[in-house]
Structures are given as C-alpha cells and as structure tokens.
Amino acid sequence: MRAWRGIIEEFREFLPVSEKTPVITLLEGNTPLIKADNLAREILPGLNLYLKFEGLNPTGSFKDRGMTMAVSKAVEEGAKAVICASTGNTSASAAAYAAKAGLKAVVLIPEGKIALGKLSQAVMYGAEVVQIKGNFDDALEIVREIGAEYPITIVNSINPYRLQGQKTAAFEICEQLGRAPDYHFIPVGNAGNITAYWMGYKEYFEAGKVDSKPKMCGWQAAGAAPIVLGHPVKNPETIATAIRIGNPASWKGAVNAAKESGGFIDMVTDEEILEAYRLVARTEGIFCEPASAASIAGVIKSVRTKGLLKAGDVVVCTLTGHGLKDPDTAISMGVKPITLPADKEEIVKALGF
Ligand code: F0G
C-alpha cells in the first residue's frame, strides 16, 4: 500500500502550486465513499446511493481540503497570520493548519451559534477566538475589511485557493466510482463547496478522466435559504448552524453550478434535516453533523415530492462534517440513557431478556 500524501501532492497537476510552494498538510482527503444500501432501501430501493464522508478529514470537515491550499499559499507569499469568519468548521480548520505552519490565526464566530466541538477545536489549536454579537454574514464583512487594511491573509472561501483545494473531493469521487455520478447532492451555506465541486467535475471531464458530469443539486436550510428565495436573508435561522448564512459569498458560483449542470438549488426544513440526520446514523452507522444531513434530506425530498430520481441512478451525497462536532444537537434528539444500579439482575430485567 502506498501512503496517502494529502491532496496537494496527490493532485498537484490540477492545483496552482509549484516546487516553491511549501506544502502544509495534515494528510487531508482520501475520505471514504460509502455505498448506503440500507439508507437507499428506506428512500428508493435500487438507488445507487453513495456518501462521501468528509467528516473523516483531520479536523472533521471538508474545510481541510481548502485550508491546506490556502495556508500553503499564504506561507509561500510570506504571510505571518491568517483570519476567517466562521460558523465553526472553517475556524477549526484554519486554526489547525495555522498551528502546523507556525502562523497566528484569528477567527471570528457568531456568539452562541457554533457547535461546541468546533469551538473546542479552535481553542485547542491556539487560535485567537473572537465571538461577535452578530451572525456569520456580519463576521465575514468585518473580516473582509480587516483583510483589506492589515497584513493578514483571509482564508474564507473568498480566498480562491480554498476552492482549488476543495475541488479535489470531486476528483476522488470520480476515482472511487470509476465514473462521474449522475447526481451530486450537497449542502449549501456560503456556497463555496458546491462551486468547488462543479469546478472539479468539469476539470476532470475536460482532462478526459471521466466521460460525463453530474447534475449539481444544492440544499439550503429553509430558514437560511437566500439563493432559493432570490434575496439575502437578514436574520437566518436553522438548527444546522454550519449553514446559518443569509448572504453567501459564492452565490453566483452556486447558481452557475446548478444552471450549467442541469441541477438546482432548493431547501429543506429543520425537521427534514433532523429526520435525515437520525436516519443515516441508524441505517448506515454514519454520524454526520446536522448541516451535512441536508444533502440526504434533499434526496428524500427529491424522491417524495419531485419524482426526480429512479432506481439505478448513481447519486453521491457529501456529508460535510462529523457528528461529534455538535454533541448538543445529538443529545437533544431525545434518546435518554436509562440509569440503573450496578447490578446484573436489575439490568437484565430492565432490558427484558
Ligand atoms: N456543511 C458544513 C458542515 C459546513 O461547515 C459548511 C460551511 C457547509 C456545509 C456549507 O458549505 O459554505 O461551502 O456552502 N461552513 C462554513 C464555516 C461557512 O464557517 O465553517 P459552503
């Protein structure tokens, strides 16, 4: 077995790096593409449903693919510090890669609206964590202004190197399937990832590695669905805090991905997200975070209300982050452990054996 070298070394020919670029890597990428037959049976028997589990990246989300590029390029360009706004995962990833590179990291997060696991990561990796009394959109606005005025590199997805790194997930899916999927379902927040995947699928197609491209189907949370509504949402709200965003930076990229590929951007309610979140854990043994489950909720909605998919279709869902990021939401799903004395007889009786 050859050891995985991280996405920059593995996909160097597709990335804007040279031999002068110092590669800052935590060996991100190479995440599994899991065939989800149990889940498919619940949704549409015969559907070839695959889950790209990005929660298995080094900091537990897809952001690491973009961050290895953004931080490597920042170091190449002589940066001493990086900054980002975040709903949590970007801050965790930026903090980790900055630690690896020996850079200072500053992260701006919406107070009280990021999952506990993500906050604990940023703190442990040694970032300067600033909670603001505002939402992600406010934080990104401030980061843009600071980045324009001070010598600090922005590592949000408005940094083009981020999307370059993130597009490698599409390459991996094509390699893992031996073809491109028919449909790609993906959660949409700041809209960078859907933009990146579409770029990746197109580049792989143009390089002759695959002979088709998927329809890109993006999913926003109903309380934070500016692209679906066609206007920014001032006070976005959703249980899926990762995608609680009212004015996505890559709005145009997402619309373009949907349009060019023959797909669409739609929305799912928090109830639909939570149903999918629980279902994938119980049927497949895969624990993703709530925002990630928007892609599966999208498959369920597409089958139930759109009649979009049929048996035999090859569908990939990106599960963007790990469920352990957000233990509070999992615990609030209402399954309570039973408490008993440390006594075998009592336990056996309670279990009904
Ligand atoms: N899923 C998760 C788990 C995320 O953390 C994000 C974005 C998305 C989906 C949406 O991806 O923004 O590229 O459309 N999280 C960002 C953050 C905003 O700050 O961590 P997108």
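Both counts, for ligands and for their atoms, begin at 1 and track the order of listing.
A salt bridge links E111 with K133: the closest approach of a Lys/Arg side-chain nitrogen to an acidic carboxylate oxygen falls below 4.0 angstrom. Under 4.0 Å is where a charged nitrogen must lie from a carboxylate oxygen, and between R2 and E10 at least one such pair does. Note on D328 versus K325: no salt bridge recorded, every NZ/NE/NH1/NH2 to OD/OE distance being 4.0 Å or above. Using a 4.0 Å cut-off between charged nitrogen and carboxylate oxygen, E237 and K113 count as a salt-bridge pair. With respect to E272 and R304, no salt bridge is recorded, no charged nitrogen being found less than 4.0 Å from a carboxylate O. Taking the charged nitrogens against the carboxylate oxygens, R65 and E54 do have a contact shorter than 4.0 Å, which makes a salt bridge.
Of the N or O atoms in A191, one or more lie within a sub-3.5 Å distance of an N or O in ligand 1. Backbone and side-chain nitrogen or oxygen atoms of K118 are examined, and none is located within less than 3.5 angstrom of a nitrogen or oxygen of ligand 1.
Taking every heavy atom of T90 and a limit of under 4.0 angstrom, the matching atoms of ligand 1 come to 16 (C), 17 (C), 19 (O), 20 (O). Close contacts between ligand 1 and G192 involve ligand atoms 13 (O), 14 (O), 21 (P) [criterion: under 4.0 Å to a heavy atom]. Each of the following atoms of ligand 1 lies closer than 4.0 Å to a heavy atom of E289: 3 (C). Residue S86 has at least one heavy-atom neighbour below 4.0 Å for each of these atoms of ligand 1: 17 (C), 19 (O), 20 (O). Annotation for ligand 1: atoms under 4.0 Å from non-hydrogen atoms of I245 are 18 (C). For ligand 1 and N190, the ligand atoms under 4.0 Å from any heavy atom of the residue are 12 (O), 14 (O), 21 (P). Per-residue contacts place V188 under 4.0 angstrom from the following atoms of ligand 1 (heavy atoms of the residue considered): 14 (O).
Within the 3.5 Å criterion, the main-chain N or O of G29 finds a donor-acceptor partner in the side chain of N57. Judged purely by atom type and a 3.5 angstrom limit, N48 uses its side chain to pair as donor or acceptor with the backbone of G312.
Note on ring orientation: taking the six-membered ring where Trp is involved, the planes of F287 and Y277 are tilted (angle from 30° to 60°).
Protein heavy atom in closest approach to atom 4 (C) of ligand 1: A242 CB, 3.5 Å. The protein heavy atom nearest to atom 11 (O) of ligand 1 is F62 CZ, 3.5 Å. At the shortest separation from atom 13 (O) of ligand 1 among protein heavy atoms lies N193 N, 2.8 Å. Counting protein heavy atoms only, atom 15 (N) of ligand 1 is closest to K63 NZ, 2.9 Å.
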Donor-acceptor list for residues 204-228 side chains, cut-off 3.5 Å, not counting sequence neighbours:
from	atom 1	to	atom 2	distance (Å)
Y204	OH	E175	OE2	2.4
Q220	OE1	I227	N	2.9
Q220	OE1	V228	N	3.3

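Proximity of I194 to ligand 1, defined as any heavy-atom pair under 4.0 Å, is not found for any part of the residue.
Between the choices I243, L319, N89, T320, the shortest heavy-atom distance to atom 8 (C) of ligand 1 belongs to I243.
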